[in-house]
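Just so you know, ligand 1 is whichever comes first in the structure, and atom 1 is the first atom listed for that ligand. The residues of the chain are indexed from 1 along the displayed sequence. Below, all heavy atoms of this structure are taken into account, side chains as well, without hydrogens, waters or symmetry copies.
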Amino acid sequence: MTERLEDIAAKMVANGKGLLAADESTGTIKKRFDTINLESTETSRRDYREMLFRTDEAMTKCISGVILYEETLFQKAADGTPFVDIIKAAGSIPGIKVDTGAKPQAFFPGETVTEGLDGLAERLKKYYDTGARFAKWRGVINIGDGLPTWGSIKADSQALARYAALCQQAGIVPIVEPEVLMDGEPGTHSIDRCAEVTEWVLRTVFTDLYDARVNLEGMVLKPNMIIDGKNARKASVAEVAETTVKVLKATVPPSVPGIAFLSGGQSSEEATAHLSAMNSGYDLPWSLTYSYGRALQDSAIKAWGGKPENVAAGQRAFRHRAEMNTLAALGNWKQELEKAA
Ligand code: 13P
């Protein structure tokens, strides 16, 4: 029997588990490896990701699914075991980033539109056959002088809706990710401006998902938190939590099973603290969890440093962040737990 989209989506966000975003493109993973002076090759990328996927305690207790880049979906561990099998053996779901990146949008200076729709139906069949049961597509919205524009929001929103419909037709749960950047340029916007833009974007996205006949019970939303720009940071944890919950309640229908945030350039501990605050003291119609890239991986990359003798240290760091974020998704994280580790 084929799995129901609703059941896969529910499993992705249940019981405090969250998603590991390990779908850095070849260009992005190179930037991450540059910070530890490691050359990015197919083998170093394999070794790094094998370290993460073989962190059993984190994978079985915390990570409901892993977002992979295409290379990794078809890649094997050093001993020849397909990564997809390692992820599934941990009870986690393999997923795949299917967009081909944010490209400059014609006639919209300073704005991008995400590409990847042409041929997507055929690619999704191949990904499904390899074991992927969810996908990700990221639209990118920058806040700047006079930006974003309606024409750019609409273009990204319609692409997200067309992608989501194609995924569902292929038996794959779409993660719908419209990211309003915290770390864009100039990054000086206030939390109030972030709230205004994110509300506008999410209203547009849910209208387009509806028009595209997407089943909201079979998707997961991956939004930014409502937070000031990277060069204007000042809002408290309580303010970020309150404003984010307010904007989401105003825009995300309760039929959506779960919301899994991106970390967007927040420090690892901030991303955890914000998530925990949202899960304590608010009455919410959906699960709120994590789909972090940097906030789950930064400390692990650093502890590993590209050296085989540091794999255990890298795994300890990854396990710690995964456990902290799972506590946060249950509203049970406390700062003292960071010190204790
Ligand atoms: P960050 O958590 O590092 O923002 O990455 C999440 C992601 O998948 C962005 O598309």
Side-chain angles (χ1 to χ4, degrees), residues 12-13 18-35 48-49 52 62-73 93-103 112-116 132 134-142 156 159-160 163-164 173-184 187 194 198 201 205 219-227 229-230 233 240 244 258-275 278 288-302 317-318 321-322 324-326 328-329:
M12 288 165 67
V13 297
L19 302 162
L20 166 62
D23 59 322
E24 297 84 3
S25 63
T26 311
T28 302
I29 197 73
K30 182 186 178 306
K31 277 191 237 157
R32 306 280 184 266
F33 283 2
D34 282 348
T35 66
Y48 173 61
R49 285 164 173 154
L52 298 177
C62 306
I63 305 297
S64 58
V66 184
I67 317 176
L68 304 166
Y69 189 58
E70 189 176 86
E71 173 185 89
T72 323
L73 181 72
I93 310 170
I96 170 82
K97 181 229 293 290
V98 302
D99 68 67
T100 55
K103 306 287 160 61
T112 59
V113 63
T114 298
E115 295 187 349
F134 68 90
K136 177 190 113 170
W137 178 292
R138 172 173 172 261
V140 183
I141 308 293
N142 191 30
D156 266 317
L160 276 164
Y163 139 83
V173 169
I175 296 182
V176 173
E177 181 180 6
E179 176 175 9
V180 177
L181 293 175
M182 168 191 131
D183 65 352
C194 177
T198 305
V201 168
V205 166
M219 64 162 274
V220 170
L221 179 72
K222 176 163 173 167
N224 51 284
M225 293 183 193
I226 309 299
I227 197 163
K230 68 165 183 224
R233 298 296 307 283
V240 170
T244 304
I259 298 175
F261 291 102
L262 58 95
S263 61
Q266 301 175 52
S267 75
S268 301
E269 204 173 305
E270 279 175 335
T272 306
H274 289 145
L275 180 62
M278 284 184 249
L288 283 192
T289 189
Y290 56 93
S291 175
Y292 294 161
R294 284 163 285 180
L296 272 173
Q297 295 183 54
D298 280 353
S299 55
I301 281 209
K302 221 163 131 204
F318 172 48
R321 288 274 37 100
M324 292 298 106
N325 285 309
T326 279

**Option passing side-chain contact (heavy atoms from CB on, under 4.5 Å) with Glu24 (candidates Arg294, Lys30, Gln297)** = Gln297
**Request:** State, with a plain yes or no, whether a side-chain heavy atom of Thr272 is found less than 4.5 Å away from one of Tyr290.
**Result:** no
**Prompt:** Any idea which heavy atoms bring Tyr292 and Asn325 closest together, and the distance?
**Reply:** CE1-OD1, 3.4 Å
**Complete:** d(Lys230 NZ, Gln266 CD) to nearest 0.5 Å is 14.0 Å
**Asked** Who's the nearest protein heavy-atom neighbour of atom 4 (O) of ligand 1, and how far?
**Response** Gly264 N, 2.7 Å
**Item:** Short N or O distance, Arg294 and ligand 1, threshold 3.5 Å exclusive
**Value:** yes
**Nearest neighbour in protein (non-hydrogen) for atom 1 (P) of ligand 1** = Ser263 OG, 3.3 Å
**Complete:** Looking only at protein heavy atoms, what sits closest to atom 5 (O) of ligand 1 is Gly293 N, 3.6 Å
**Request:** Provide the number and element of each atom of ligand 1 under 4.0 Å from a heavy atom of Tyr292.
**Result:** 2 (O)
**Request:** Please check if the side chain of Lys222 supplies one atom and the backbone of Ser291 the other of a donor-acceptor pair under 3.5 Å.
**Result:** yes
**Prompt:** With a 4.0 Å cut-off on heavy atoms, is Lys222 touching ligand 1?
**Reply:** yes
**Item:** Closest approach of any protein heavy atom to atom 10 (O) of ligand 1, naming residue and atom
**Value:** Lys136 NZ, 2.5 Å
**Message:** Any atom of ligand 1 sitting under 4.0 Å from a heavy atom of Ala295?
**Reply:** no
**Asked** In a check of side-chain contact (heavy atoms from CB on, under 4.5 Å) between Val180 and each of Ile227, Val140, Val201, which one passes?
**Response** Val201
**Message:** Does the residue Gln297 have a heavy-atom contact with ligand 1, meaning some pair of atoms that are separated by less than 4.0 Å?
**Reply:** no
**Request:** Would you confirm whether Thr244, through its side chain, and Ile226, through its main-chain N or O, come within 3.5 Å as a donor-acceptor pair?
**Result:** yes
**Prompt:** Between Val173 and Met12, what is the shortest heavy-atom contact and its length?
**Reply:** CG1-SD, 3.9 Å
**Asked** Any idea which protein heavy atom is nearest atom 9 (C) of ligand 1, and the distance to it?
**Response** Glu177 OE2, 3.2 Å
**Prompt:** Would one find an N or O of Arg32, backbone or side chain, under 3.5 Å from an N or O of ligand 1?
**Reply:** no
